Amino acid sequence: MKRRILPRKFYLQPTLDAAAALLGKVLVHETPDGTLAGIIVETEGYLGAEDAACHSARGRTPRTEAMFGPPGHAYVYFTYGMHYCFNVVTRPKGVAEAVLIRALEPLEGIEIMQRRRMVGNPLALTSGPAKLCVVMGIDRRLNAADLIRPPLWIEDRAIDACRVVWRPRIGISQAKEHLWRCYIEGNRFVSKK
DNA sequence: TATTGGATCGCC
DNA sequence: GCGATCCAATAG
């Protein structure tokens, strides 16, 4: 497979633009077990200081350090005592914004994914931010990892014709009014309808 | 040091 | 609707 890793410049664009632009791109993780890949079909923007739902809104902390760093790096955090979520850091260094990757359509290494997470329905494999971390092998070790080189990166891809829709973000208790979640309309792997 | 609640998920 | 499960952030 020819690699077309998204350049760091891609991650400098406004966060909501990046959230939409990431739809249809491919997240790839090279692991000892094999290469895992999935098409990004659902994302959410988290807009830093002005966004009460964003982890960085109340200032710089050890957890949010990666979000304050340079663009094109991972922000992986642990939550609910058992789940990881994966974000890509956007905007220049010092501007703590990110895009949460909420759902993938499995593309490569599906058997490995199924081994990592025993689940009957293949649609349930990657249709949520914590689920996709399990099957893609993403955990705290990849926090702050650079996404423009292996083992974890995002590839450009010829875009299939698709419509993007914007809806409220999921699972937050503040700033619920914003339509900062986007997904590929009609895609079966989106986490919720 | 103690308390609180969380960018979730799967089962009831 | 609810419990699991633990850690980060905040308050004391």
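In what follows, chains are A, B, ... by sequence order, proteins preceding strands, each numbered from 1. Nothing here was measured: the structure is a model prediction, and the numbers come from that model. Scope of the values below: all heavy atoms of this structure, side chains included, with no hydrogens, waters or symmetry mates.
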Working to the nearest 0.5 Å, report the span between CD1 of A:Ile154 and CD1 of A:Ile148. 11.5 Å
Rounded interatomic separation in angstrom, taking NE2 from A:His83 and P from C:dG3: 15 Å
Write down the distance between CD1 (A:Ile170) and C1' (B:dT8), rounded to a whole number of angstrom. 11 Å
Spacing between A:Leu100 atom CG and B:dG6 atom C1', to the nearest angstrom: 14 Å
Please measure how far the C1' atom in B:dG5 lies from the corresponding atom in C:dC2, and state the result in whole Å. 15 Å
Just verifying a value: how many Å separate A:Leu107 CG and A:Leu36 CG, rounded to the nearest 0.5 Å? 11.0 Å
Extract the stems that DNA chain B is part of, considering only consecutive pairing runs of at least three Watson-Crick or G-U wobble pairs, both distances under 3.5 Å. B:1-6 with C:6-11, B:8-11 with C:1-4
Are any non-hydrogen side-chain atoms of A:His55 and A:Tyr46 less than 4.5 angstrom apart? no
In chain order, what residues pass the side-chain hydrogen bond (donor to acceptor under 3.5 Å, both in side chains) check against A:Glu65, with sequence neighbours excluded? A:Arg60
Looking only at side-chain N and O atoms, does A:Thr90 offer a donor or acceptor that is under 3.5 Å from a partner on A:Thr15? yes
Note: for A:Ser173 and A:Ala130 on DNA chain B, the residue whose nearest nucleotide lies more 5' is A:Ser173
List in chain and number order the residues that pass ring-ring contact (aromatic ring centres under 6.0 Å, His included) with A:Phe10, two or more places apart in sequence or in another chain; answer none if no residue qualifies. none
Does A:Asp139 have any side-chain contact (heavy atoms from CB on, under 4.5 Å) partners at least two apart in sequence or in another chain, and if so, which? A:Tyr84, A:Arg141
Generate the contact string for nucleotides 5-12 of chain C. Rules: B means base contact, S means sugar-phosphate contact only, - means no protein heavy atom under 4.0 Å. BBSSSS--
Whole angstrom value for the distance that separates C1' of B:dA7 from CD of A:Glu177: 15 Å
Could you note down all residue pairs passing side chain to side chain donor-acceptor pair (under 3.5 Å) where residues 18-30 of chain A supplies at least one of them, sequence neighbours left out? A:Arg3-A:Glu30
